[in-house]
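Computed from a predicted model, the values in this text were never measured in an experiment. We use all heavy atoms of the structure for the numbers below, so side chains are in, but hydrogens, waters and symmetry mates are not. Sequence lines set the chain letters: A, B, ... in the order given, protein chains first and strands last, and positions in each chain run from 1.
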Amino acid sequence: MIQLTINGQPQQFEAPINVTQLIDHLALHGKRIAIECNGEIVPRSRFSEKMLAHGDQLEVVVAVGGG
Amino acid sequence: MDNLVIAGKTYSSRLLVGTGKYKDFNETRAAVEASGAEIITVAIRRTNIGQNANEPNLLDSLPPSKYTLLPNTAGCYTVDDAVRTLCLARELLDGHSLVKLEVLGDPRTLYPNVVETLKAAEILIKEDFQVMVYTSDDPIMAKQLEEMGCVAVMPLASLIGSGMGILNPWNLQIIIDNAKIPVLVDAGVGTASDATIAMELGCDGVLMNTAIAAAQNPVLMASAMRKAVEAGREAYLAGRMAKKLYSASPSSPTEGIIAQAAKKPANGNS
């Protein structure tokens, strides 16, 4: 069991997962998003190789209206 | 052609608009279209997790293929938050490096923290971002940001979202006169005449959001702002007449005015 903090909210997973699996889990597949793990950008090209570990803090962001 | 050039790229519109505070994305798109803006700002925020997965996305209404998106750091109060936000934005927008930096210092006034802004700008420039920077109307700060390598300096006209107009045209004039990079008024414009005044001063452009979005009819105001910016720019290029204080000068010829009519007797019988 691992715990990840995603946009400030803790979530548990049965086993370690990679970022692609996380995106599928969050139903964000195909969305225009960007992801940061522990303060570092995870490039889209590395989503499937980037394994997430217990305690990782993730930020998943989109573009919204702003001035 | 009288174009705006920022970081080597040419734009025909000198009006930049934000995309916040609209009723829905349809209204956002209609207002942006009416404004004629080519550069539009967006914010970067956490996506909703586990909620409405089919939520509409802003970029579907305003595609990056059609507009130059300018991600901002609105809401950032530290160097670290601002830099991280723009790194996320660059990843989100496929390596797009033109950004709007703002580092705020106070939640009530949203006044920029210029010390932190300088630090963040330095880091971002080293990371190969093209930085358009929101700052106070302090001419020294504006010059330092230019010398550091920012691609445009964007002093406030008045507080963000206040609609108070151009409170210190004298400082803006100093900044414009000193600058070798584009100067854009960012924040504080309330209505069309404010935008025109900014352009008449010699600003290279105006960036606004609330003045359009919070108007009773945002799409009509967007159209007004487009004309206001164009009118101000043309007036600036045309070069205004000199002011002659307390000295009138007739526009019509002073010669050839018809003579005063001879007075007729009061009873009219001659």
B/Thr47/A/Lys31 under side chain to side chain donor-acceptor pair (under 3.5 Å): CA gap, chis, key distance, verdict
CA-CA 10 Å; B/Thr47 187; A/Lys31 306 278 181 196; over 6 Å; no
What residues, two or more places apart in sequence or in another chain, satisfy side chain to side chain contact (heavy atoms under 4.5 Å, CB included) together with B/Pro182?
B/Leu4, B/Ile6, B/Ala152, B/Leu184, B/Asp204
Expected contact set for residues 44-51 of chain A against chain B at heavy-atom separation under 4.5 Å reads A/Arg44
Considering only residues two or more places apart or on different chains, which pairs with a residue in residues 58-67 of chain B satisfy salt bridge (charged side-chain N to carboxylate O under 4.0 Å, His left out)?
B/Glu33-B/Lys66
At a heavy-atom distance under 4.5 Å, which candidate from B/Leu88, B/Leu62, B/Val42, B/Leu93 has the highest pair count against chain A?
B/Leu88
Over 12 non-hydrogen atoms of neighbours within 6.0 angstrom of CD in A/Glu40:
no
If you apply the rule side chain to side chain donor-acceptor pair (under 3.5 Å), what do you find for B/Lys9 with B/Thr68, and how did you get there?
CA-CA 10 Å; B/Lys9 196 172 166 195; B/Thr68 296; 3.1 Å; yes
So which part of B/Lys100 gets closer than 4.5 Å to some heavy atom of chain A, the side chain, the backbone, both or neither?
side chain
Taking atom types as modelled and ignoring hydrogens, do the side chains of B/Asp106 and B/Thr109 form a donor-acceptor contact shorter than 3.5 angstrom?
yes
Chain B: which of A/Gly8, A/Gly39, A/Pro43, A/Gly65 shares the most heavy-atom pairs with it under 4.5 Å?
A/Gly65
Please state whether the side chain, the backbone, both or neither of B/Leu59 comes within less than 4.5 Å of a heavy atom of chain A.
side chain
Let's test your reading of the structure: which of B/Ala89, B/Ala74, B/Cys87 forms the most heavy-atom pairs below 4.5 Å with chain A?
B/Cys87
Go through B/Leu92, B/Leu70, B/Asn209 and name the one with the most non-hydrogen pairs under 4.5 angstrom from chain A.
B/Leu92
Does anything in residues 55-67 of chain A pair up under side chain to side chain donor-acceptor pair (under 3.5 Å), and if so which pairs, sequence neighbours excluded?
A/Asn38-A/Asp56, A/Glu59-B/Arg46
Less than 4.0 angstrom from a charged side-chain N to a carboxylate O is my criterion; do B/Glu116 and B/Lys119 meet it?
yes
Drop me the distance from B/Met225's CE to B/Glu230's CD, to the nearest 0.5 angstrom.
13.5 Å
